[in-house]
Each structure stands twice: as structure tokens, then as C-alpha cells.
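Worksheet for the structure shown next.
Chain identifiers are assigned alphabetically (A, B, ...) following the order of the sequence lines, protein sequences preceding nucleic acid strands; residue numbering begins at 1 within each chain.
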Amino acid sequence: MSQAFNRAVQLHRAGNLDQDELVYRQLLDDNPNHADVLHLLGVIAHQRGNPARAVALIRRAVAIDDTNPIYHCNLAESCRVSGDMPEAAAHSRKAIRLLPHHADAHNHLGLALQGHGNVTGADVVMRYTLSYPFGISMTRGYPRFNPGEYSTIDLLVRGDNDATIVIGADPGATMPKPAIEHLRRTPTIVLDPKVTHTSRLSRVHFTTAPAGISAPGTAYRMDEVPLPLRPALKSPYLSDEEVLKKIVAAVQRRPGWYPKAHSGTPVT
Amino acid sequence: MLRITNGKVYDPKNGVNGVVRDVCLDGGKVVASVPAHARVIDASGMVVFPGGVDVHTHVAGAALNFARGLIPEQHRKARPIYHSPQCRAGLAGSTPTTFATGYVYAGMGWTTANEAAVPILSAKHTHEELRDTPIIDKCTCVLMANNEIILDLLENAEFERAKQVTAWQVWAAKAYGVKAVNPGGVAGWKWGKDCKGLDEVVPGYNKVTPRTIIKALADIVDQLALPHPIHIHCNNLGAPGNFTTTLETMKTLEGNRAHMAHLQYHAYGGDDWFTMSSASVPIAEYFNAHPNLTCDAGAVLFGDTVTITADGPWQHLLYELTGKKWGNLDVENETGCGVVPYVYKEKNLVNAIQWAVGLELLLLITDPWRVSLTTDHPNGACFWRYPEIVRLLMDKDFRKEEIKKLPEKVLPRIVLPELDREYTLYEIAIITSAGPARTLGLPQKGHLGIGADADVAIFNERANAMEMFAYPRFVIKAGTVIIEEGELRNSIEGTQFASKPVYDETIEDYLRPLFQQHYTMSFENYPVAEECVHGLEVHQCGACITPT
């Protein structure tokens, strides 16, 4: 048994998936509850581009042995590829709990949680500058709050806004179709370290330095405890903040459009 | 360069009482004279004050920002600050936004504020908000009296090490002073308990009591030569009969400098909510006889507000009393926090007593240098309502009219109707500027002598003090004219003061392993970096004073 298993693992490593799967299947016939074999068959399914089957197989392996961090780690990756982010995050966390220094598990957790910037941080800063966490309209020159009316999806679906700047988010991947259509129809500017779904439908994409990796700043943990970000690497790209400041400066060079005092001439 | 001419100058620190004289400003400071071509502000018919200094307010940080999230219905009614070439948009109201805070303080002629409650864990957040609070100069007090590292050390009678840890933490938070909130009580709140008396053992400990904590922290602050004394919020806040706890606390502090925060909330007699009465007389008598103490009023005005304090157990009680919204924050090993929206009602017996006690203390404390005008913003009322209190202090007829609106059964429980004292403009300049500047240990603030910071407020002299102080004609901050003809014309950045006490760097070797064991962030991420504090001005404390 173990000899056959070792041979299969060797074949797997050599990339010979067909022969390898055959050996695994035979092994599984002998012992249908062989967790390692179920797990590796799952890995093969994943490599063949069938993450749903991979999830089913590795789940069976996990049901037999819940304490193997590698199972959880690979299950997380298959869940992520098949689009189940909450499960992916949950299994990454389990893997990390079992093996705290498992780099792959941390990486998979990061991937599962990707697609959002520091949402809590945005809440915190919006509250202290404008009183409200989100759903704010500044159209009257001061902040007003009405979720369901001024929140992003509602604005986009109604087609209220003339242009959109997207930072730390990928609405093109998650928002309802009419909202995405409005992003596509109107000028959309994306600031992101990676090319996102939204980038592909935007007029302009700025590649920016990823915060925490090559851009400094503060991240607010979900309990609103602030953490300093110290960049480990240098990036050839500007940070989100620098790009925004340049956009603001460019806009300010244009003549202002504050309402002028009434001239006394009747409006015709 | 600026010459303010023909104004009646009130500069109590330099003994100037309503004398018509010039005030010259140059390079952000008050100077002896400026050349003839300098801009002249003609202040005929106006009074000239040093910029206001708020010794105790809550304008930035995690707790206030938590409150902002809790009360959208109050923001809706708040006064808007419109986006303009000079101003960032925001809202005033009970928890003004950061930019609004700067504009509104400056708009009343106040140019310095002390944010009085900062946990170290979220100090970085406070500093980020203060960076976005323009015009005014700022400093902060860091919460220490429920910090479990300190409490553990006091339990083991390791005073010297507790002193080193405190010094390290003040600098780590880039704070200016040390605050004690309900010493031991907030730590007890983590067990669902509180410490009402000074000799109750703190829950979770065997020996340490509020009295131990108060005395130790007061000694530590004095020995570290921090410019501001221990800033203390006594145990048993808000409860009927709590004046005895307050007297005990003040007695414990004999031989130390100490600042008694929002004294109004700590000066009640009676046994329960039905027999509650004012105890401002015994508190003021003791206070008057003990020059080691300073205080701020923490006065209450009727109306809507939101209460925010590190005193978690009290906030839970207040929530049970009001049945309104309640928010509770746990700050790991350091402190707690509670938020409860509140309405002070004229016809409510307890609220009417609170209103009276704040004014009574301001009138009964004989030395204006030792009592500052505050409302413990936003707890007693919002800071932008200070001019209403000024009128109540300066005009006894108006005060008596207001007293008539209170329920009749309140009258025998308060002494306010018997007090005929009226504040003079000179005394108002003391309690709003010169006094709090001295209490905070900011020698460049609160006066108009040569070398002082060029922070000046100019008011039209009017019979109605509320109208006079609500809308200054000119406000100058660091030599820049901010308010001109009652309008905000300029916004500049303020300075942030922090204290750096002397300590032994090896204390980090003691703290690091403790930290790794008990905190959820790494030790390296805990201190606020100097470059993260905008406009930082460090007060280097003198050598540690060892008691003889």
C-alpha cells in the first residue's frame, strides 16, 4: 500500500497526472477512507481545472482527518477558485490555527479576503471628517446621510453620478448589473495595485503601490484599533494618496465654479 | 505684522484689567512694537482677550468617533459647515467633525484645547483626528488608572517600575498629561463590577485599591515633572451622595498637585435619586482651602447631547436609567468606554440640580485661577454653548430668571438662588484662558505679554455676554487673522504639544514580553511614531524629582 502511494506521489510531483490518478484510484478502491489519497485526488482535480470536484474530494479528506493543516490549506484554495470566499477564509484560518507559521495558509487567507481595501478604516475616517460612515451625499455642500438613497449601488443604479473614482474596491466584480453598466457608460477611474474587473470597464486605471507592502499609512483593524503600516518593499508606482493629490491639484488648476454673487441681471 | 489698537485689553496674567492699549503681533508672537506700516486693527469699542484655552474636552479619538456612529439622528439636526474655499465641509452638533471642531472653537475665540481621554492603544487614531482639526493647538491626556500593567505593579508595590512604565507610556502615546478615570472602577467593570469607595479592593486584585492608584499616579506625575498635574475623574461619578468620595479623593491628594476634572459631576448630596441635592458648598470649602488643587466646572446646560466617558460602569447605569441607546467599548488591558445619548431636561429634578451645581461651583470657588470653564464637552453640553454659561455667570438677574424655570422642589436642594456673585470680564478672561493655560502648564498661552503666542480674540463689548462671546469680531491664531468681521476667512494648521518625561530605556525589556503575552498587537506597533503626530512640539520634562 505505502509503496504504491509513494510511487503515486512521485508521479504527481513529476506532473504525470493521468497515471498518477490511476494509482490513486486503485489505492482508494483498497481503502475508500484513505484521507491522503482523497486529498491528493482533490489536488489533481484542482490542477485539472475542476475546483468544485476538488472541494468535494478534499472535504471528504477533512471529514476523516480534521487536524491536517495541508488539507485545510488546499481546500481553502479550491474554495476560493470556485468562488466560495467565506469557506476559503474559514479553512485558511483553520490551517493557520493548526500550523501558525504556514506561509501558504496566510497567503490563501489573504487571497480569500482580497477585493476590499481597509473598509473599517474608511468607516473611521468618514465618520470623523463627515459624521457618517458611508452613504453620504455632499451635493448641498455639507454631509447628508441616507443609506438606500446615497449609498454607492443606489447612486449607480439610478445613474445619478457623472463619474466614479474607485479606490480599495472592485465593484465591477460584485455589484448588480445595472450598477456595473453605469460604471461602464460613464467615466470611471480605478486606483488599484492590480488590474481588477472594474479596471477592465473603466476609462482610466492607475496602478498604485499596495498599502502595507510598499505604501505606508494606517490600517484600522475591525475593532477600530489603528495599526501603522510599514512598507517592506519599494514600488515604482505612486500610492493612492499621491495619485489622488495629483488629481485634486490638477482639478484645482481649472477655474473654480463656486457660485458667484448675484449680479442683479435677471435670468433669461 | 499686526497692531491691535484702541481695544480694552484684559490680560490677567500680566495684571492688565480693561486698559486701552495696543497689542502688537509679529512672527506668531506678541511683541513690544511693530513698524508703522504693519496692518492695524481698530478695536474701538471692543475688548481684547487672550485666545481661549479648554482644559478638558473630548474632540477626537476612538470613543468620540464611536459616538458619532451612534447618533445619526442628532447629526441630521446639527448645524452644517458648508464646503467653501476656506472650509472643509462638516457638521457641528454634539460631536462636531474634526474640521468643524477647529472652525467652531476658533469661531468663538478659543485657540487651544486639551483632549482629556486617550487610551494608548488607540492614541494613533486620536492623533490622526487631531491632524485634521485645524486652527487650534492641541494636547492630550493618556488614560492610566485602569491600565493592568500599572495595576499589577502597584499590587506588587513596585512603585519605581510603575513610574518608568508610566513615563514610557506617556511618550508612547505622544500625550501631554496623565488622566485617571474612575481609578480601579473601569478595571472592575471588566468583571461587571465597579469601585465606588476609595478603599474597595479592585476586582481581580488582592491589595490594590482606588486610593493606592490615585496616590501612586499623583506621585508619579509630580516626580516625572510633567507640566500638567494628574488629571483626575473621581470614583462614583454622577451618583447621589458622591461628594464624600470626592472629598476623600482630594484628601488623598494632599501634598500633590492635582486637577479635578468636571467637578460638577462629583458634588452631589443625598442618598438616592429622590433625595439628591447639591453638595457644592462642602466641596468648594475644601477646595478653596487647598491651593494644590485646580478644577474645571463640567457645567451642564439643558438640551440634547451625547455622553462619552471611559467610565464604563457609570455609562451602563446611565443606560439603565434612560433606557436609551448604549455603546460599550473594551480597550484591552487599558480602559473601557461607554456612550449614551442624553437629554438634560429643565423639569427633571436631577438635571436641574446638575445645572445648578455647575454654576454654584463656579461662583463658590473664590480663586478664579483654579477653576476653568468647561462642560466636559459633549457630556454636560457642547463646547459651543460656553457663551451661555458666561452670561449666567456675569448676569445675576438673568440667572435668577433662569432659576425660576426650575421645578419648585429643586430650590431647597440647591444654593444657587442665594448666590449674588457676578463675574467681571477680567475674571472671565481668567476662567476661559489665563487659568486653564496655567493649569495645563503652557506658559506661552493664555496671556498677551511679550513672547506669548499671538492668539487673540476680539469681541464687541455688549450688555448681553452670551451674544458678545458667541460671535467674536476678530480672532487671531499664531498671528494669522482667522475670523474677520465675524467671518471665517482663513484656516491654518495647529500645533500639538506632547511631554517627554525622562525614563530608563531598559523598561522596554520589561514591557516587551508582557506585551507579547497580553496584547493583540505587536510591541513595535504600539507606540505612536513622532512623524505621525502633525505639528508636534515636545516639552522635554526636567530630571525626575526624587522625594526626600
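- Comparing Leu130(A), Val225(A), Thr218(A), Val125(A) by heavy-atom pairs within less than 4.5 Å of chain B, the highest count is held by Thr218(A).
- Both the backbone and the side chain of Glu128(B) have a heavy atom closer than 4.5 Å to some heavy atom of chain A.
- The backbone N or O of Leu227(A) lies less than 3.5 Å from no partner atom in the side chain of Asn525(B), so there is not a single donor-acceptor pair.
- Applying the 6.0 Å contact sphere to OH of Tyr471(B) captures no more than 12 heavy atoms from other residues, nucleotides or ligands.
- Of the atoms belonging to Met138(A), it is side-chain heavy atoms, and not backbone ones, that fall under 4.5 Å from chain B.
- Contacts between Tyr128(A) and chain B at a heavy-atom distance below 4.5 Å involve backbone atoms as well as side-chain atoms.
- A salt bridge is absent between Glu531(B) and Arg230(A): the closest approach of a Lys/Arg side-chain nitrogen to an acidic carboxylate oxygen does not fall below 4.0 angstrom.
- Between the CD atom in Gln74(B) and the OG atom in Ser131(A) there is a gap of 11.0 Å [rounded to 0.5 Å].
- Within 6.0 Å of atom NE2 in His197(A), 12 or fewer heavy atoms from other residues, nucleotides or ligands are found, so the atom counts as exposed in its surroundings.
- Expressed to the nearest 0.5 Å, how far OG1 of Thr129(A) lies from CZ of Arg68(B) amounts to 8.5 Å.
- Sparse packing is recorded around OH of Tyr237(A), with 12 or fewer heavy atoms of other residues, nucleotides or ligands lying under 6.0 Å away.
- The contact between Arg140(A) and chain B is made entirely by backbone atoms, counting heavy-atom distances below 4.5 Å.
- Proximity of the aromatic rings of Phe145(A) and His75(B) is defined here by a centroid distance below 6.0 angstrom, and this criterion is not met.
- When only modelled atom types and interatomic distance are considered, Arg127(A) and Thr97(B) share no side-chain donor-acceptor pair under 3.5 Å.
- Environment of CZ in Arg76(B): sparse, with no more than 12 heavy atoms of neighbouring residues, nucleotides or ligands closer than 6.0 Å.
- Summarising the geometry of Gly90(B) relative to Tyr142(A), their closest heavy-atom pair is O-CB, 4.2 Å, with the distance given to 0.1 Å.
- Residue Pro228(A) is tested with Lys124(B), Met521(B), Glu524(B) for a side chain to side chain contact (heavy atoms under 4.5 Å, CB included); the sole match is Lys124(B).
- The greatest number of non-hydrogen atom pairs below 4.5 Å with chain A, out of Pro72(B), Ala62(B), Pro96(B), is found for Pro72(B).
- Between Pro226(A) and Leu121(B), the closest heavy-atom pair is CD-O, 3.8 Å.
- Remark: Arg144(A) CZ is packed, more than 12 non-hydrogen atoms of other residues, nucleotides or ligands lying under 6.0 Å away.
- For the residue pair Ala89(B) and Gly141(A), the shortest heavy atom distance occurs at CB-O, 3.4 Å.
- Here the CG-OG1 distance, from Asp223(A) to Thr520(B), works out to 6.0 Å after rounding to the nearest 0.5 Å.
- For the residue pair Ser122(B) / Glu224(A), no side-chain donor-acceptor distance below 3.5 Å is found, with atom types taken as modelled.
- Contact of Pro133(A) with chain B is not made at all, since no heavy-atom distance falls under 4.5 Å.
- Atom CZ of Arg221(A) is surrounded by more than 12 heavy atoms from other residues, nucleotides or ligands within 6.0 Å.
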